[in-house]
Amino acid sequence: MMKWRKESTLDLYNLVAAIFLLAAPWLFVRANPTAAIDLRTSGAAIAIMSLAAIVAFSIWEEWINLVVGCWLIVSPWLLGFAHTRAMHFAIAAGAVVAFMALLELWLEYEKTHFAPATSQAAERQ
């Protein structure tokens, strides 16, 4: 049976963002082919990593989500679909995904590096 972590909520948010990315070329942005491929591929990668993090968490999954989120922020200029609705959607989704990944990385770092010190201090008292 899988144990639910509090931080898995952030992975659920990333999964929702991935679903919007996968649906964006049809629903929102009417993107050119390059933007559509970018949004679908990035959405699929985020969805796979978020599901993997929910099922069996590993820190590298969050690093990949962070990289894909940053890619979404810069991809409109690198792939040539700047100044379109797809650009605004990619930047917004990338910022959300990158923020959630950074937040989860920070929470995991805090849990592993600061929790033992607080439990040792509590034992001394």
Side-chain angles (χ1 to χ4, degrees):
M1 189 77 172
M2 182 176 69
K3 184 181 176 192
W4 183 261
R5 301 173 320 114
K6 287 187 245 179
E7 294 85 6
S8 292
T9 306
L10 298 172
D11 292 315
L12 284 175
Y13 293 147
N14 270 344
L15 187 58
V16 170
I19 291 168
F20 279 117
L21 280 169
L22 288 169
W26 296 292
L27 298 177
F28 305 117
V29 294
R30 300 188 73 190
N32 64 30
T34 305
I37 291 171
D38 181 40
L39 293 175
R40 287 184 194 128
T41 307
S42 299
I46 293 166
I48 291 168
M49 289 299 108
S50 296
L51 286 171
I54 290 170
V55 173
F57 177 76
S58 184
I59 201 78
W60 61 268
E61 296 154 348
E62 298 310 318
W63 283 106
I64 290 177
N65 269 348
L66 177 63
V67 168
V68 174
C70 292
W71 165 255
L72 280 168
I73 293 171
V74 299
S75 67
W77 292 279
L78 297 177
L79 296 178
F81 61 94
H83 308 295
T84 63
R85 275 193 282 172
M87 176 193 81
H88 300 292
F89 197 79
I91 291 171
V96 167
V97 169
F99 175 74
M100 293 297 168
L102 276 173
L103 183 58
E104 190 161 357
L105 286 169
W106 180 71
L107 290 172
E108 284 298 319
Y109 178 83
E110 185 180 66
K111 185 168 58 174
T112 57
H113 288 80
F114 297 118
T118 57
S119 64
Q120 290 174 357
E123 290 175 4
R124 289 184 202 153
Q125 293 176 350

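Counting from 1, the numbers follow the sequence of the chain as shown. All values below come from the heavy atoms of this structure, side chains included, with hydrogens, waters and symmetry mates left out.
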(message) Just to verify, what does Ala45 make a side chain to side chain contact (heavy atoms under 4.5 Å, CB included) with, not counting sequence neighbours?
(response) Val68

(message) As an exercise, state the distance from CE of Met87 to CG of Leu79, rounded to the nearest 0.5 Å.
(response) 13.5 Å

(message) Suppose we screen for salt bridge (charged side-chain N to carboxylate O under 4.0 Å, His left out). Which residues come up paired with Asp38, at least two apart in sequence or across chains?
(response) none

(request) Specify the closest pair of heavy atoms between Ala17 and Val97, including all atoms of both residues, with the distance to one decimal. (result) CB-CG2, 3.9 Å

(message) Under the rule for side chain to side chain contact (heavy atoms under 4.5 Å, CB included), what residues qualify as partners of Leu107, not counting sequence neighbours?
(response) Glu7, Leu10, Leu103, Glu110

(request) Give me the other members of the hydrophobic cluster that Val67 sits in, counting Ile, Leu, Val, Met, Phe, Trp and Tyr linked by side-chain heavy atoms under 4.5 Å, directly or via other members. (result) none

(message) Among residues at least two apart in sequence or on other chains, which ones pass side chain to side chain contact (heavy atoms under 4.5 Å, CB included) with Val74?
(response) Trp71, Leu78

(request) Output the distance between atom CH2 (Trp26) and atom CG (Leu39), rounded to the nearest 0.5 Å. (result) 10.5 Å

(request) For Ala90 and Phe81, work out which heavy atoms get closest and say how close. (result) CB-CE1, 4.4 Å

(message) Within the structure provided, determine whether Tyr13 and Ser50 are in side-chain contact (heavy-atom separation under 4.5 Å).
(response) no

(request) Looking only at non-hydrogen atoms, find the nearest pair between Ile54 and Ser8 and report the distance. (result) CG1-O, 4.4 Å

(message) Could you list the cluster mates of Ile37? Members are the ILVMFWY residues connected by side-chain heavy atoms closer than 4.5 Å, either directly or through other members.
(response) none

(request) Please determine which of Leu66, Asn14, Ile64, Asp11 meets the side chain to side chain contact (heavy atoms under 4.5 Å, CB included) test together with Met49. (result) Ile64

(request) Report the residues that fulfil side chain to side chain donor-acceptor pair (under 3.5 Å) with Ser58, sequence neighbours left out, ordered by chain and then residue number. (result) Trp60

(request) Under 4.5 Å between side-chain heavy atoms, chaining through other members, with only Ile, Leu, Val, Met, Phe, Trp and Tyr counted: pull out the rest of the cluster around Leu22, sorted by chain and number. (result) none

(request) Using side chain to side chain donor-acceptor pair (under 3.5 Å) as the criterion, list what pairs up with Glu62, not counting sequence neighbours. (result) none

(message) Minimum heavy-atom separation for Ala18 and Gly43, please, with both atom names.
(response) CB-O, 3.3 Å

(message) Let me confirm one number: the CD1-CD1 distance from Ile19 to Ile46, rounded to the nearest 0.5 Å.
(response) 11.5 Å

(message) The criterion is side chain to side chain contact (heavy atoms under 4.5 Å, CB included); which residues satisfy it with Ile59, sequence neighbours excluded?
(response) Phe57, Trp63, Leu105, Glu108

(request) List the atom of Ile91, the atom of Pro76, and the distance in Å for their closest heavy-atom pair. (result) CG1-CG, 4.4 Å

(message) To the nearest 0.5 Å, what is the distance between CG on Asn32 and CZ on Arg85?
(response) 12.0 Å

(message) Tell me which pairs pass side-chain hydrogen bond (donor to acceptor under 3.5 Å, both in side chains) where either residue lies in residues 86-102, with sequence neighbours left out.
(response) none

(message) Please give me the minimum heavy-atom distance between Phe89 and Ala24, naming the atom from each residue.
(response) CE2-CB, 3.3 Å

(request) Not counting sequence neighbours, which residues clear ring-ring contact (aromatic ring centres under 6.0 Å, His included) with Phe99? List them please. (result) none

(message) Could you measure the distance from the CG atom of Leu15 to the CE atom of Met100? Nearest 0.5 Å is fine.
(response) 12.5 Å

